[in-house]
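None of the values given here were measured: they were computed from a predicted structure. Proteins get letters first, then strands, A, B, ... in listed order; numbering begins at 1 in each.
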2 protein chains.
Amino acid sequence: MRRDIFQAIADPTRRAIIALIAIQAMTPNAIAQHFDTTRQAISKHLRVLTECELVRQGHQGREIYYQLEIDKMKEIDKWLEQFRELWETRFQQLDELLLTIQK
Amino acid sequence: MRRDIFQAIADPTRRAIIALIAIQAMTPNAIAQHFDTTRQAISKHLRVLTECELVRQGHQGREIYYQLEIDKMKEIDKWLEQFRELWETRFQQLDELLLTIQK
DNA sequence: TAAATAAGAAACCAACTGGTTGCAAATATA
DNA sequence: TATATTTGCAACCAGTTGGTTTCTTATTTA
């Protein structure tokens with residue numbers, strides 16, 4: 001199964017997990033305590049996030065810390081780049097319009 | 001059915017549609033010609049995009065032009081904001097490290 | 001060593017997704 | 001007005017998803 005970063009962030013629970021471990025690495029149990037669902041459900045979400053390399057495991061005894069791979073997040077930013085140009089052009093056009101009105 | 005912008009961009013075909021109509025508004029038939037699928041499949045994707053207001057319809061006779069709602073794209077950018085701070089901090093830390101090494 | 005804890009794996013299930021085909025409504029054209 | 005075109009809608013289907021329960025493995029602790 002090919003995993004995709006856009007598919008990974010489609011789920012609201014996964015987005016919440018990302019925001020949570022962005023601050024500091026956490027174990028599945030610790031993460032699950034923040035949600036109204038079972039540990040196994042969280043574990044499956046972590047698997048999806050790991051498969052698309054948005055998250056990295058750090059083993060420490062029997063505990064596994066999950067850590068956000070922040071660089072991977074830039075891929076979304078990179079995709080947005082093409083559109084950012086568009087909405088900035090829009091602003092520019094608006095600026096020109098306001099300038100024309102002033103005259 | 002609640003539609004979500006993150007769920008909308010999860011599908012690669014929908015991302016391609018977004019990129020396509022970002023340049024100029026297009027009819028479903030015209031869009032479908034760019035893909036190796038049926039018009040109805042594209043129509044369903046357009047429905048998803050319309051429901052989450054990523055795309056706006058413009059009626060013109062019996063033709064319907066679909067146009068990208070560029071402002072809605074900013075919501076993704078807005079979500080990324082919290083992480084952008086993180087990866088910029090990383091850069092800063094790297095800069096500091098390099099500075100220390102130089103000394 | 002025995003019990004407890006942390007975590008992944010497998011089996012199962014209901015709901016959702018993306019796709020198809022067929023059909024109806026609205027508009028344009030002969 | 002009859003026909004063709006553009007589009008949306010409904011029904012259906014196979015595959016995927018998110019969730020649960022149960023089980024196994026590995027590590028810690030009493």
Closest to the B/Arg62 side chain: C/dT20, C/dT27, C/dA4? C/dT27

Closest approach to the side chain of A/Thr38, judged atom by atom: which nucleotide of C/dT20, C/dG8, D/dT20 is it? D/dT20

Nearest whole angstrom, please: distance from the P of C/dT27 to the CD of B/Gln60. 13 Å

When you check the phosphate oxygens OP1 and OP2 of C/dT17, does a side-chain N or O of A/Gln7 lie under 4.0 Å from one of them? no

If only side-chain N and O atoms of A/Arg39 are considered, is one of them under 4.0 Å from the OP1 or OP2 phosphate oxygen of D/dG19? no

Compare every heavy atom of A/Ile9 with every heavy atom of A/Ile18, then report the nearest pair and how far apart it is. CD1-CG2, 3.9 Å

Between A/Lys44 and B/Arg14, who's closer to the 5' end of DNA chain C by nearest nucleotide? A/Lys44

Under a plain distance cut-off of 3.5 Å, with no hydrogens placed, do A/Tyr66 and A/Gln57 share a side-chain donor-acceptor pair? yes

On a heavy-atom basis, the closest approach of B/Pro28 and B/Ile64 is CD-O, 3.3 Å

Hey, is the side chain of A/Gln40 pairing donor to acceptor with the base of D/dT22 inside 3.5 Å? yes

Rounded distance (Å) that lies between atom C1' of C/dA6 and atom CE of A/Met26: 15 Å

Measure from CG on A/Asp11 to C1' on C/dA15 and round the result to the nearest Å. 14 Å

Could you tell me how far apart B/Gln57 (CD) and C/dA26 (P) are, to the nearest whole angstrom? 15 Å

With the side chain defined as heavy atoms from C-beta on, B/Asn29 is closest, among D/dT7, C/dA11, C/dG18, to D/dT7

Here the distance between atom C1' of C/dG18 and atom CD1 of B/Ile17, to the nearest Å, is 12 Å

Keeping A/Gln24 on the side-chain end and A/Ile21 on the backbone end, is there a donor-acceptor pair under 3.5 Å? no

Let me know the distance between CD of A/Glu63 and C1' of C/dG8, rounded to the nearest Å. 15 Å

Rounding to an integer number of Å, can you tell me how far B/Arg3 CZ sits from C/dG18 C1'? 11 Å

Answer yes or no: does a side-chain N or O of A/Thr37 lie under 4.0 Å from OP1 or OP2 of D/dT20? yes

Within the supplied structure, the quantity of interest is the number of heavy atoms (other residues, nucleotides, ligands) at a distance under 6.0 Å from B/Arg47 CZ; does it exceed 12? no

Among D/dG8, D/dG19, D/dT7, the one nearest any side-chain atom of B/Tyr66 is D/dG8

Please pick, from C/dA7, D/dG19, C/dG19, the nucleotide with the shortest atom-to-atom distance to any side-chain atom of B/His45. C/dG19

Rounded to whole Å, CD1 of A/Ile9 lies from P of D/dG18 at a distance of 13 Å

It should be established whether B/Arg47 places a side-chain nitrogen or oxygen under 4.0 Å from OP1 or OP2 of nucleotide D/dA10. no

